[in-house]
Amino acid sequence: MSQCHTHYGLISGILLKDFEKGAHPHLYLYIKNDTEEPFRVAVNVRDYDDSDVFFAHIKDLKADFLKNLSTLKNGAYYLQPANQENSLDYIKEEFIKGAHFTQTPEEELGNTLLDILKPYIDADNGSRVTAYGSRFPGGIHDIHMNQGYPHSSLPSCQDGALILYDAINDKYEGLFFHFHSQTLTAP
């Protein structure tokens, strides 16, 4: 279970072709960093209790928080969850519903993610990937819902996701994740 995110933020930029499967149940993606080593993005493809992750792919994403992404330069940012227009919240927002999610086995989820992300690798057309989650030195993790656990009061407006911007078609796609122990309904 994730803890309160004092390092909530995002990393945005060009996806590199380096991928690796981690020792933990993660797929590691890398986003270009113009000043240092690439940013590391840790995406859960399996829950820590060995259960499958629930995954949703929204191909034509419409949401209020997207208007702020178009003005950001590539790089890493900390976000203030109190400023809800920049933060993600699976429960409060209207862009994602429980019906969008499918429980997806680890290998299938990894392959699906790589297929979806292929057009964004080394894109030189203005397309980019934005990862929302909890920042750590050199990267970001908790790229999933971070609230909705029973008997937990984890804060809202700190959920994670991968947001893909297709510059050729001027549209966004969203990749969203949650664990079986989480619910998408307000307490």
Parallel, tilted or perpendicular for H178 and F101, by the 30°/60° rule?
perpendicular

Exercise for the section: Answer with yes or no whether the side chains of D49 and H180 bring together a donor and an acceptor at under 3.5 Å. Expected result: yes

Heavy-atom closest pair (S12 atom, T130 atom, distance to 0.1 Å) is OG-OG1, 2.8 Å

Give a yes or no on whether the ring-centroid distance for F95 and F176 is below 6.0 angstrom. yes

For this session: Taking Y77 for its side chain and L72 for its backbone only, find out whether a donor-acceptor pair lies under 3.5 Å.
Result: no

Side-chain H-bond candidate by donor/acceptor type, S87 with D89, under 3.5 Å = no

Q.
Between K21 and E106, does any NZ, NE, NH1 or NH2 come within less than 4.0 Å of an OD or OE carboxylate oxygen?
A. yes

### Query
Taking it one step at a time, do L114 and L27 satisfy side-chain contact (heavy atoms from CB on, under 4.5 Å)?
CA-CA 10 Å; L114 295 177; L27 177 67; 4.1 Å; yes

Output for pair (K32 NZ, F39 CZ), nearest 0.5 Å, gives 12.0 Å

On a heavy-atom basis, the closest approach of G126 and Y165 is O-CD2, 3.7 Å

| query | Any donor and acceptor pair, going by atom type alone, linking the side chain of D166 with main-chain N or O of N169 inside 3.5 Å? | reply | yes

Neighbour count >12 (heavy atoms, 6.0 Å) for atom CD, E20: yes

Requested in this report: Would you kindly confirm whether L79 and M145 end up in one hydrophobic cluster when ILVMFWY residues are joined by side chain heavy atoms under 4.5 Å apart?
Outcome: yes

Check your understanding: Side chains of L16 and I121: closer than 4.5 Å at any heavy-atom pair?
Key -> no

Smallest heavy-atom separation, F55 atom then F177 atom, equals CD1-CE2, 3.5 Å

Donor-acceptor pair, T112 side chain versus G110 backbone, under 3.5 Å? no

For D47 and V53, the nearest pair of non-hydrogen atoms, with its separation, is N-CG2, 3.8 Å

Taken to the nearest 0.5 Å, the spacing of L162 CG from L117 CG works out to 6.5 Å

Review point. Are L109 and Y120 connected in the hydrophobic side-chain network, where two residues link if heavy atoms are under 4.5 Å apart?
Key: yes

Exercise for the section: Tell me, yes or no, whether the heavy-atom count around Q103 atom CD, taken from other residues, nucleotides or ligands under 6.0 Å, exceeds 12. Expected result: yes

_If hydrophobic clusters are built by linking Ile, Leu, Val, Met, Phe, Trp and Tyr wherever their side-chain heavy atoms come under 4.5 Å apart, do I91 and I96 end up in the same one?_
yes

Could you tell me whether H144 and F179 have their ring centroids closer than 6.0 angstrom?
-> yes

One should read off an interatomic distance between Y48 OH and N44 CG, to the nearest 0.5 angstrom, of 5.0 Å

Apply the test side-chain contact (heavy atoms from CB on, under 4.5 Å) to residues Y8 and R135: give CA-CA distance (whole Å), side-chain angles for both, the deciding distance (0.1 Å), then the verdict.
-> CA-CA 6 Å; Y8 183 65; R135 298 264 324 275; over 6 Å; no

Rounded to the nearest 0.5 angstrom, the CG-OG1 distance for D52 and T102 is 11.5 Å

Rounding to 0.5 Å, atoms CG (L10) and CG (N68) come to a distance of 10.0 Å

Practice task
Hey, can you tell me if Y132 and F65 have their rings parallel, tilted or perpendicular (30° and 60° cut-offs)?
Solution key: perpendicular

All heavy atoms of A131 vs all of V41, minimum pair found to be CB-CG1, 3.8 Å

Test side-chain contact (heavy atoms from CB on, under 4.5 Å) applied to L66 and L61, step by step:
CA-CA 9 Å; L66 296 174; L61 181 63; 4.0 Å; yes

Output for pair (R128 CZ, I31 CD1), nearest 0.5 Å, gives 10.0 Å

K59 atom NZ, over 12 foreign heavy atoms within 6.0 Å:
no

When every non-hydrogen atom of S127 is compared with those of A167, the smallest separation belongs to OG-N, 2.9 Å

Is there a side-chain contact between H57 and I116, using heavy atoms and a 4.5 Å cut-off?
yes

* Asked: Between K67 and D64, does at least one N-O distance fall below 4.0 Å, as a salt bridge requires?
  -> no

Notebook entry, point to check: Can you check whether Y30 and F19 have ring centres sitting under 6.0 Å from each other?
Noted result: no

**Asked** With a distance cut-off below 6.0 Å to the six-membered ring centre and an angular limit of 45° from the axis, does R40 pair with Y28 as a cation-pi contact?
**Response** yes

Note to self: Any side-chain to backbone donor/acceptor pair from D142 onto G133? Under 3.5 Å, distance only.
What the structure shows: no

Item checked: Centroid-centroid distance, H7 to F136, less than 6.0 Å -> no

With side-chain contact (heavy atoms from CB on, under 4.5 Å) as the criterion, how do L69 and I163 come out once you've worked through the C-alpha distance, each side chain's angles and the decisive distance to 0.1 Å?
CA-CA 10 Å; L69 287 184; I163 307 300; 3.9 Å; yes

